[in-house]
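Small disclaimer: the values here were computed from a predicted structure and weren't measured.
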Amino acid sequence: MDSETNPPKSVKTRHKCSACYKQYNKKEHLVEHMKVSYHSVHQPKCGVCKKHCRSFESLREHSKGLLAKDNCSRIFHELGCGLCMKIFDSCILLSEHKWTCQLPPPTRLGTISLPSMELKNSISDRSNGVPKIHEAVAMDCEMVGGGSDGTLNLCGRVCLIDENEDIIFHAYVKPQMPVTDYRSDLTGLSEEHLRDAMPLKEVQEKILEILYNGESIGIVRVDGGKAKLLVGHSLEHDLDCLNMTYPDHLIRDTAKYHPLMKTNLVSHSLKYLTKMYLGYDIQMGIHDPYEDCVSVMRLYKRMRDQDHLKDFVGSCLPSQVTEFITNEFDCCKMKDLEKLTPDELFEMSRSKYRCWCLDTVPNVRL
């Protein structure tokens, strides 16, 4: 009798995001979520439950943080690498992996009797229909202080290395105005180091010669040509103190790469990133530009070597263009989007950043 007068309530349907697993009461709310989340196959992903995270920092919180998921935390504790966040099938495979994942710190250059140096780098390209792959060059500058209070950043030293961690250019730089603070406790520099240093204009010319790699400025601005990718940490500061510019689509900045940023997309320090992703300490005392160059190059190569399914949309576009790609959602009506499954919505979604794994692959979808 009660069942006739009080029929069972219908179970409310929940709409679950296929990437981050958030659930919504209404399909339109899920669609709105997909429009602003920019989920993609390039996001860091839990090796246990396959949840997509905004950054490796949020993946760490999910896998081994204070509020980690129990099953993911347990498996990660047994079979997970704390540096690259991968999950392995056995403890033996994990142990073998750690020998290659945790890297030794580079040998520091120091500052005693180190002259300016330049090694000629070869011009490289791929032809005969094989996709062109840009070589990368890492750069780091050490700044001294100018102005009445020593707060004006002036370049006092610069170092560039190639992908093999060999120095291709190093120089002490003669500032264009008097130095009022050598910041010796951080830079290790003194008046003696900069007395006969290379003029800034000459330093600019040599760096641009290396980066442009024999290519014309017009081609570099369009698609890069044979120019090098410039890798660094907070590169806008280094370029500013060198009074130089370089095309945005050829810059790979570890301070601005979304997977390496905090959960709120604020930059980490290079010291933190090196410890968390490479397994060693840097900047212990005096900062060494070669040490910093090696660390950013290793971080870049570690991110570049990730094995993702490749996004076709935006894969061949400059990074400053892909920053504003609005996926495909704005081209569709809401009523049409609501008919799609969560998996189909995820298939439409594209990353807001250009994944560095695309630097080494053809522009095809696998």
- Gln283 side chain reached by Leu186 side chain, heavy atoms, under 4.5 Å: no
- Under 6.0 Å between ring centres, would you say that holds for Tyr172 and His193? yes
- Task: Could you tell me whether Asp359 and Arg252 make a salt bridge, using a distance below 4.0 angstrom between a side-chain N and a carboxylate O?
- Result: yes
- Arg54 and Asn264: side chain donor to acceptor below 3.5 Å: no
- Item | Residue pairs passing the side-chain hydrogen bond (donor to acceptor under 3.5 Å, both in side chains) test where at least one lies in residues 71-92, sequence neighbours excluded | Asn71-Arg74
- Message: Using side-chain heavy atoms (C-beta onward) and a distance below 4.5 Å, is Met34 in contact with Pro342?
- Response: no
- Item | For Met85, all residues meeting side-chain contact (heavy atoms from CB on, under 4.5 Å), sequence neighbours excluded | Phe56, Leu59, Arg60, Ser63, Phe76
- Residues Arg298, Glu165: salt bridge by 4.0 Å N-O rule: yes
- Query: Can you tell if the side chain of Phe346 reaches within under 4.5 Å of the side chain of Cys17, non-hydrogen atoms only?
  - Reply: no
- Go through the side-chain N and O atoms of Thr107 and Tyr290 and say whether any donor and acceptor fall under 3.5 Å apart. no
- Query: Just checking, Lys228 and Tyr212: is the charged tip under 6.0 Å from the six-membered ring centre and within 45° of the axis?
  - Reply: no
- Task: Scan side-chain atoms only and decide if Arg157 and His170 contain a donor-acceptor pair under the 3.5 Å cut-off.
- Result: yes
- Note, Glu142 side chain near Val158 side chain (heavy atom, < 4.5 Å): no
- Message: One thing to verify: whether Glu291 and Arg108 come together as a salt bridge, which I'm taking to mean a side-chain N less than 4.0 angstrom from a carboxylate O.
- Response: yes
- Message: Can you confirm whether more than 12 heavy atoms, excluding those of Glu205, are under 6.0 Å from its CD atom?
- Response: yes
- Would you indicate whether Lys27, at its atom NZ, is surrounded by more than 12 heavy atoms from other residues, nucleotides or ligands within a distance under 6.0 Å? yes
- Does one side chain, of Thr151 or Asp149, offer a donor that lies under 3.5 Å from an acceptor on the other? yes
- Query: Looking just at side-chain N and O atoms, do His42 and His258 make a donor-acceptor pair shorter than 3.5 Å?
  - Reply: no
- Item | Residue pair Cys357 / His308, side-chain heavy-atom distance below 4.5 Å | yes
- Item | Parallel, tilted or perpendicular: ring planes of His97 versus Phe88, cut at 30 and 60 degrees | tilted
- Indicate whether the side chain of Ser349 and that of His39 have a donor and an acceptor atom separated by less than 3.5 Å. no
